[in-house]
Amino acid sequence: MSPPASPPAAPPDYLARLNPEQRAAVETLDGPVLVLAGAGTGKTRVLTTRFAHLLVTRRAFPSQVLAVTFTNKAAREMKARVSAILGREVEGLWLGTFHALGARMLRRHAEHVGLKGNFTILDTDDQTRLLKQVMDASGVDLKRWPAPGLMAVVQRWKDRGLTPERVTPSEDSDYANGRARALYAQYQQRLRDLNAADFGDLLLHTTEILRTEPEVLAQYHRAFRYILVDEYQDTNLVQYLWLRLLAKGHGNICCVGDDDQSIYSWRGAEIENILRFEKDFPDAKVVRLERNYRSTRPILAAASGLIAHNAGRLGKTLRAGRDDAEGEKVRVVALWDSEEEARMVGERIEEAQRAGHPLSEVAILVRAGFQTRAFEERLITLGIPYRVVGGARFYERQEIRDALAYMRVLAQPSDDLAFERIVNVPKRGLGDSTIRALHELARIEKSSLAAAAERLALSPDGLRPRPRQALAELMRGFARWREQLPRDGHVVTVATLLDESGYTEMWKQDRSPEAPGRLENLKELLRALGEFESLAGFLDHVALVMENDEAAEGERVSLMTLHAAKGLEFDMVFLPGWEEGLFPSQRSLDEGGEKALEEERRLAYVGLTRARKLAVVSHAANRRVYGNWTASIPSRFIEELPDEHVAKEGGAAMERHRAATGAAGAFGSPFGLAAPRRPPTPRIYETGSWEVAERPARAERIAVGERVFHQKFGYGRVLAVEDDRLDIAFDKAGTRRVLDRFVEKA
DNA sequence: AGAATCTAAATTTTT
DNA sequence: TTTAGATTCT
């Protein structure tokens, strides 16, 4: 545990492996340091080496370094690499995400903001539901002012370190007729009543405590001698305030980042934080890392040429740091429509595969999540394995959230949000009216919903017999499981809970194709639970850390958004959909104007710099948008790529189209398409009757006595047919009357 | 209480 | 086109 007796005389080999700039960044230990690390310049290596260097030179014990990242992945990686350099596991670190570290501090000092140390951390879904309740109670018209809108306003305030008291009336949003601030205050009060904190609170409360409790602040000043920050360009104001408070005094703060890769302003990140660093921290040393070890010269030149169109940069030019940096020009491929684009990408991937390139080195990076579908379909057709990175996270899945809600109620009966989620899942006949009665009693008695449920289940009046018994049964269950917990341990108890509550049975009965996967996920959840000492520890972990660890291994093409691709690299990168409106996104431009355009451009820069050897940009003249074919013109970013590093290709279909029409096509005339020619659309309606088209003659007319399958009710036998209504005796769900189009032959 | 039907809306999402 | 949410029907 103690550092080596003395620093080695010769530079240790971990330093010898660095270039001069990297080494300066590692060895400048005292005072504020800003490391401007361009894409592919060894940022992570600098950060981890610096951390290790602090320990090796005995400047600090592991517990005296505060190291902050944005993602759990980055935190894990840093820990692993520091351990690798030191040749041993390091323990007692304050290394983690802003939120995880915030939570850790807040648990120690929760009472300063009216919480208890065992507060629950709410996820986004809970947050919105709670806010909705608050708005509803205040008589806000939720149609006119949807809760997610106010949630965004509140989050932005929290991102800026503004408690309700700190929001000045002039800063009040006009959301909900200028009542936003008042609603925010009520929402915060509700959180306190529930002993809960949302993600934003983890930093907001912690910063507020550091601001107002000098002895707490002093405690941390004594504790941390050095601060390391990753991805500084993505910090928001409250994170900045938090860091500045903690760094006050010794000023030993080292921030690593790249202003050209700031792409999260819509989440409250303030690029100004990094632009202002030298003013905020006087006497700061700035180190620029510009030697890129990742990409070929043409890729770097194209990316540099593009990003040069942005104003207000700190200024940095990537230089090729590899000896073998020569390579192919960036391809820009013009295509007739989005289907052709997907085909082109598929074909080139097949070619690459035949040429022996591993699929794990190929990525398709899109602006928005929905764009992945077209490529998925194409890859499935071609039989090319792929994975979609990002997307639905493990803990956001319905069955996981339900199971977690059960666990939360088990651990904290007062967790109303969790209770409400599971009270009627599986269906227990406890509908709106029962829930309303629970809320009412809880309000009158100032108790939790669970406590109200106990009372209502026991009292003879207030509820009809059936719901009352169902409720009593559920509450008996919880009493039993809670008693079982210390005896059998959390894993066994939770397993029992999920079985006895009928939750697993619900999915076993479910005939939908996803059901088996959901049961699998529940098993996975239990496995994960087993890795923790206690239920509370696990719930904390889940709220802060749980992510989809979908097997990254294997020979698969990666499909993801540009945002998700930051920090990754691939030999071959496809960048489809570079069209005005899509990329840059019209929505962004409408909201953020010139600033937003620059952020979109940074996103393009991030995309290009993911490629080691080949980048293929493409755009289509026609694209289906929400089901309608729409004409589009190439993205302005394409013109901004320096010509000499780009090779333009027509694309096979585009050429064919030109040949067939004799037209210059979409990209010959200055204003794009003269007439938005629609790609051939299937026109089934013109020949057939509407009925035929709409309901393609039920080839499978269902007759009495047949076995059928229904999405909700599962398998059953038809008892009677009456026009389009069928009476069916379901195996599990009893006899019901359903519409014929909801069943199919079994 | 629960299913069927209608209706708007539609990025990016490290925690 | 797809999807979530609200509304209406049974």
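Sequence lines set the chain letters: A, B, ... in the order given, protein chains first and strands last, and positions in each chain run from 1. Given the structure is predicted, the values throughout are model-derived calculations rather than measurements.
Within the structure, a side-chain polar atom (N or O) of A/S433 is placed less than 4.0 Å from OP1 or OP2 of B/dA1. In this structure, A/N424 reaches the B/dG2 phosphate: one of its side-chain N or O atoms is under 4.0 Å from OP1 or OP2. An OP1 or OP2 oxygen of B/dT13 is reached within less than 4.0 angstrom by a side-chain nitrogen or oxygen of A/T561. Phosphate contact (OP1/OP2 of B/dA1, side-chain N/O of A/T434, threshold under 4.0 Å): present. A sub-4.0 Å separation between OP1 or OP2 of B/dT15 and a side-chain N or O of A/N72 is present.
In this structure, A/F70 and A/L430 both approach DNA chain B, and ranking their closest nucleotides by distance from the 5' end singles out A/L430.
No engagement by A/G102 is indicated, since no non-hydrogen atom pair under 4.0 Å with the nucleic acid exists. Note on A/E591: a base of the nucleic acid sits closer than 4.0 angstrom, heavy atoms only. Contacts of A/D123 with the nucleic acid, taken as non-hydrogen atoms under 4.0 Å apart, are absent. As judged by a 4.0 angstrom heavy-atom cut-off over every strand, A/T97 is placed among residues touching the sugar-phosphate backbone only. Looking at heavy-atom distances under 4.0 Å, A/R373 makes contact with sugar-phosphate atoms alone, never a base.
A donor-acceptor pair shorter than 3.5 Å can be found between the side chains of A/D201 and A/Q188. No side-chain donor-acceptor contact under 3.5 Å links A/N310 and A/Y605.
The pair A/E473-A/R428 does not count as a salt bridge, with every side-chain nitrogen at least 4.0 angstrom from each carboxylate oxygen. Between A/D258 and A/K43 there is no salt bridge, since none of the side-chain N atoms of the basic residue sits less than 4.0 Å from a carboxylate O of the acidic one. Look at A/E599 and A/R602 and you find a salt bridge, because one of the NZ, NE, NH1 or NH2 atoms lies within 4.0 Å of a carboxylate O, short of that distance.
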**OP:** Carefully, step by step, assess A/D126 and A/R129 under the rule salt bridge (charged side-chain N to carboxylate O under 4.0 Å, His left out).
**Re:** CA-CA 5 Å; A/D126 289 330; A/R129 278 197 295 150; 2.9 Å; yes
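Closest approach of A/N273 and A/Y232 over heavy atoms only: O-CE2, 3.4 Å.
The distance between atom NZ of A/K427 and atom C1' of B/dG2, rounded to the nearest whole Å, is 7 Å. Counting to the nearest Å, the P atom of C/dA6 and the CZ atom of A/R144 are 18 Å from each other.
Aromatic stacking is not marked for A/Y626 over C/dT1, as the cut-offs of 5.5 Å for the centres and 30° for the planes do not both hold.
Comparing B/dT15, B/dG2, B/dT13 against the side chain of A/H99 picks out B/dT15 as the nearest.
Of the residues in residues 463-471 of chain A, none has a non-hydrogen atom less than 4.0 angstrom from any atom of DNA chain B.
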